[in-house]
Amino acid sequence: MNYGFHPSPFGVVLVIATDRGLAGLAFAERGEEKATLDDMTRRWPKARYVEDAAATAPLAQRVFDPALWRSDRPLRIVMIGTDFEVRVWETLLRVPLGGATTYSAIASKVCTAKAARAVGAAVGRNPLSFVVPCHRVVGKNGDLTGYHWGLTRKRAILGWEAGKLSAAA
DNA sequence: AAACGAGGTTCCT
DNA sequence: AGGAACCTCGTTT
């Protein structure tokens, strides 16, 4: 796996890629790049990691520029996780830009309605932050309940998306 | 408003 | 294997 750190509208992002496509995308606080990398590599302990910012830079650029989200050049992604997690993430991928869903709604689709917390855990462990719209999930009552990389960042992303939406319209 | 328990899955020891 | 943690939710103090 190749990885590299790149600037983004929301801070530094760690991009992890395999020869089959994008595998990981995580936000890092300034100075905490190492911790973020550890956090990611823990997900796939058996993988070999090589820093190659040149390989990951184009991916980072593409992900954060909606103008490049074209169906004729789909972003290739690789989802590595348990059955449950992958199901949750695939459900999330169907949430449209600017849309929102709830943990319990996903839970009832993937498992039972009471698995909301499990969904929360799975969403939180989502290695493809931002690409998989884990930030468009809100609590049942419409509140932003939590975010692995900070509620502040979650709000920033939602605001950014709202801006992109009005720009497109 | 705060505390609590149920509930599903995964992580860590 | 056992316990704790998690981006939850509904109910009870």
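Bear in mind that the values here come from a model prediction, so they are computed numbers and not experimental data. Below, all heavy atoms of this structure are taken into account, side chains as well, without hydrogens, waters or symmetry copies. Chain identifiers are assigned alphabetically (A, B, ...) following the order of the sequence lines, protein sequences preceding nucleic acid strands; residue numbering begins at 1 within each chain.
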Watson-Crick or G-U wobble partner for B/dC4, using a 3.5 Å limit on both distances? C/dG10

Would you mind reading off the distance between A/R43 atom CZ and C/dC6 atom P, rounded to a whole angstrom? 13 Å

Among the nucleotides C/dC7, B/dG7, B/dT9, whichever has the atom closest to the side chain of A/K114 is B/dG7

The side chain of A/R117 is closest to which nucleotide in this list: B/dG8, B/dG7, B/dC11? B/dG7

Proximity to the side chain of A/R42 - top-ranked nucleotide from B/dC12, B/dG8, B/dT10: B/dC12

Which is true for A/V123 with a 4.0 Å heavy-atom rule: it touches a base, it touches only sugar-phosphate, or it touches nothing? base

Just compare B/dT10, C/dC7, C/dC9 and give me whichever is closest to any side-chain atom of A/T82. B/dT10

Aromatic centroids of A/W160 and A/F130 separated by under 6.0 Å: yes

With rounding to the closest Å, how many angstrom separate the P atoms on B/dC4 and C/dA4? 16 Å

Categorize A/A116 for me: base, sugar-phosphate, or nothing, with a 4.0 angstrom heavy-atom threshold over every strand shown. sugar-phosphate

So CD of A/E33 and OH of A/Y3: to nearest 0.5 Å the spacing works out to 11.0 Å

By the 4.0 Å heavy-atom rule, please label A/A121 as base, sugar-phosphate, or nothing. base

Are A/L97 and A/L68 grouped together when hydrophobic residues (ILVMFWY) are joined by side-chain heavy atoms under 4.5 angstrom apart? no

Given atom NZ of A/K140 and atom P of B/dG7, what is their separation to the nearest angstrom? 17 Å

d(CG, A/L128; P, C/dC7) in whole Å: 17 Å

Rounded interatomic separation in angstrom, taking NZ from A/K109 and P from B/dT9: 17 Å

Are A/E29 and A/R153 close enough for a salt bridge, meaning some N to O gap below 4.0 Å? yes

Check whether any side-chain nitrogen or oxygen of A/S104 sits under 4.0 Å from OP1 or OP2 of C/dT8, and answer yes or no. no

Does A/Q61 have more than 12 heavy atoms from other residues, nucleotides or ligands lying within 6.0 Å of its CD? no

What's the closest nucleotide to the side chain of A/F84 if the choices are B/dT9, C/dC7, C/dG10? B/dT9

Rounded to the nearest 0.5 Å, the OG1 atom of A/T101 sits from the CG atom of A/L92 at a distance of 7.5 Å

Using heavy atoms to find the nearest nucleotide of DNA chain C for A/R125 and A/V138 separately, return the residue whose nucleotide is more 5′. A/R125

Could you state the atom-to-atom distance from NE2 of A/H148 to C1' of C/dA5 in whole Å? 12 Å

How long is the line joining CG of A/L158 and C1' of C/dC7, in whole Å? 12 Å

Distance, rounded to the nearest Å, where A/L151 contributes CG and C/dC6 contributes P: 14 Å

Candidate nucleotides C/dC9, B/dG8, C/dC7, ranked by approach to the side chain of A/A118 - the nearest: B/dG8

Could you check whether A/G120 gets within reach of a base, just the sugar-phosphate, or nothing at all, counting any heavy atom under 4.0 Å? sugar-phosphate

In whole Å, what is the span from the CD atom of A/E85 to the P atom of C/dC7? 13 Å

